[in-house]
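Predicted model, so just to flag it, every value in this text is computed and none were measured.
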Amino acid sequence: MIELLAALALFVALHSIPAVPSVRGKLVAAMGRPAYFGVYSLVSLAALGWVFHAALMVDYIPLWDTAPWQAHVTFLAAPLGVFFVLAGLCSVNPLSISVRQGEKAGAIVTITRHPVLWGFLFWSAGHLVPNGDLRSLILFGGFALFSLGGIPMIEKRARKRLGSGWGEATARTSSIPFAALLSGKVRPAFDAPLLVAAALTGLITWWLLAGGHAALFGADPMLYM
């Protein structure tokens, strides 16, 4: 349990400290933008791998009973989360997390201006419901709280950075997923990053259900149906 908490603390630190504009600016200036994101991605993946390894080492302590219907939550929320993360990272988004620079936001922003954070929230919540044990509550609940707490922080920084341009930049988007579309503020839009993210999500989901999830984590999602 101590190792899991330490791994989670490192993961949160890696995604909180570089998010400070002054810190990120110095790192990008020293390393260059491509090298910075390359190193940052590798370190983040290593930290994430440590988190899951530590979680698998924790004893199973049940907290609530599981039921077949809970698997449907995972099959709906987890792929949606993966899609949001992939589309968010690959799309230009001056309002939130993205690996691409630019002024014109991608189509994913018509759904939500914080797709990466909402994606992690959907993914973690989708895994939390059917896993009724303490380690899953700490692991996926921690990811969910981190993602949810990051949204107002990024909103505050973006509002400060854009100043008087905030209203125009957010006129055709919303923080809550699909709110802008349902309210009629914006029409559905599609672009290459959105379509690529959808295709990759389909392939990743198929691979995980075909045995990839069992190979990586020792659990076959199909057995919960």
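Here the side chains of F84 and L121 are not in contact, with every heavy-atom distance at 4.5 Å or above. Side-chain contact between L200 and F83 is absent, with no heavy atoms from C-beta onward closer than 4.5 Å.
In this structure, W166 CH2 and R161 CZ are separated by 8.5 Å, a value rounded to the nearest 0.5 Å. The distance from atom CG of L4 to atom CE of M57, rounded to the nearest 0.5 Å, is 11.0 Å. Summarising the geometry, atom CZ belonging to F178 is positioned 9.0 Å from atom OG1 belonging to T112; distances are rounded to the nearest 0.5 Å. Atoms CZ and OG, on R159 and S164 in that order, are 12.5 Å from each other to the nearest 0.5 Å. Of the inter-residue distances, the one linking W118 atom CH2 with I108 atom CD1 reads 13.0 Å to the nearest 0.5 angstrom. Atom CG of D133 and atom CH2 of W64 lie 7.5 Å apart (nearest 0.5 Å).
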With a cut-off of 3.5 Å and sequence neighbours excluded, list every side-chain donor-acceptor pair involving residues 203-216.
{"unit_1": "T205", "atom_1": "OG1", "unit_2": "T201", "atom_2": "O", "d": "2.7"}
{"unit_1": "H213", "atom_1": "ND1", "unit_2": "A219", "atom_2": "O", "d": "2.8"}

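In the hydrophobic cluster analysis, where Ile, Leu, Val, Met, Phe, Trp and Tyr join through side-chain heavy atoms closer than 4.5 angstrom, L48 is grouped together with L5. If you chain together hydrophobic residues whose side chains sit under 4.5 Å apart, L182 and V109 fall into the same group. Hydrophobic clustering (side-chain heavy atoms under 4.5 Å, transitive across Ile, Leu, Val, Met, Phe, Trp, Tyr) groups L80 together with F190. Taking hydrophobic clusters as Ile, Leu, Val, Met, Phe, Trp and Tyr residues chained together by side-chain heavy-atom distances below 4.5 Å, L76 does not share a cluster with W69. Under the 4.5 Å side-chain heavy-atom criterion for grouping Ile, Leu, Val, Met, Phe, Trp and Tyr, L56 is not connected to L8 through any hydrophobic cluster.
Checked against S136 for a side chain to side chain contact (heavy atoms under 4.5 Å, CB included), the options N131, V129, I61 give a single hit: N131.
The neighbour count for I176 CD1, taken as heavy atoms of other residues, nucleotides or ligands under 6.0 Å away, does not exceed 12. Crowding of F120 atom CZ: a count of heavy atoms from other residues, nucleotides or ligands under 6.0 Å not exceeding 12. More than 12 non-hydrogen atoms from other residues, nucleotides or ligands lie less than 6.0 angstrom from CE of M1.
Using the six-membered ring where Trp is involved, F11 and F146 have ring planes that are perpendicular, over 60° apart on the 30 and 60° scheme. Ring geometry for H127 against W123 counts as tilted: the plane angle lies between 30° and 60°, on a 0 to 90° scale.
Summarising the geometry of V92 relative to K104, their closest heavy-atom pair is CG1-O, 3.3 Å, with the distance given to 0.1 Å. Between T66 and G132 the shortest heavy-atom distance is CG2-N, 4.1 Å. Residues V58 and R135 come closest through the heavy atom pair O-NH1, 3.0 Å. Of all heavy-atom pairs between N93 and P115, the closest is ND2-CD, 3.7 Å. Here the shortest heavy-atom pairing between E155 and R113 reads OE2-NE, 2.6 Å. Minimum interatomic distance between P130 and T74 (heavy atoms only, all atoms of both residues): CG-OG1, 3.0 Å.
Listed for the S91 side chain is no donor-acceptor partner under 3.5 Å among the backbone atoms of P193. Without hydrogens or angle criteria, Q70 side chain to A67 main chain gives a donor-acceptor distance under 3.5 Å. The main-chain N or O of T170 is never found under 3.5 Å from a side-chain atom of T173 such that the two would form a donor-acceptor pair.
Every residue two or more places apart in sequence or in another chain was checked for a salt bridge (charged side-chain N to carboxylate O under 4.0 Å, His left out) with D191, and none qualifies.
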Begin with the C-alpha distance, continue with both residues' side-chain angles, and end with the deciding distance and a verdict on side-chain contact (heavy atoms from CB on, under 4.5 Å) for V82 and F122.
-> CA-CA 8 Å; V82 172; F122 287 142; over 6 Å; no
Could you please spell out the steps behind the side-chain contact (heavy atoms from CB on, under 4.5 Å) verdict for V196 and C90?
-> CA-CA 9 Å; V196 170; C90 295; 5.8 Å; no
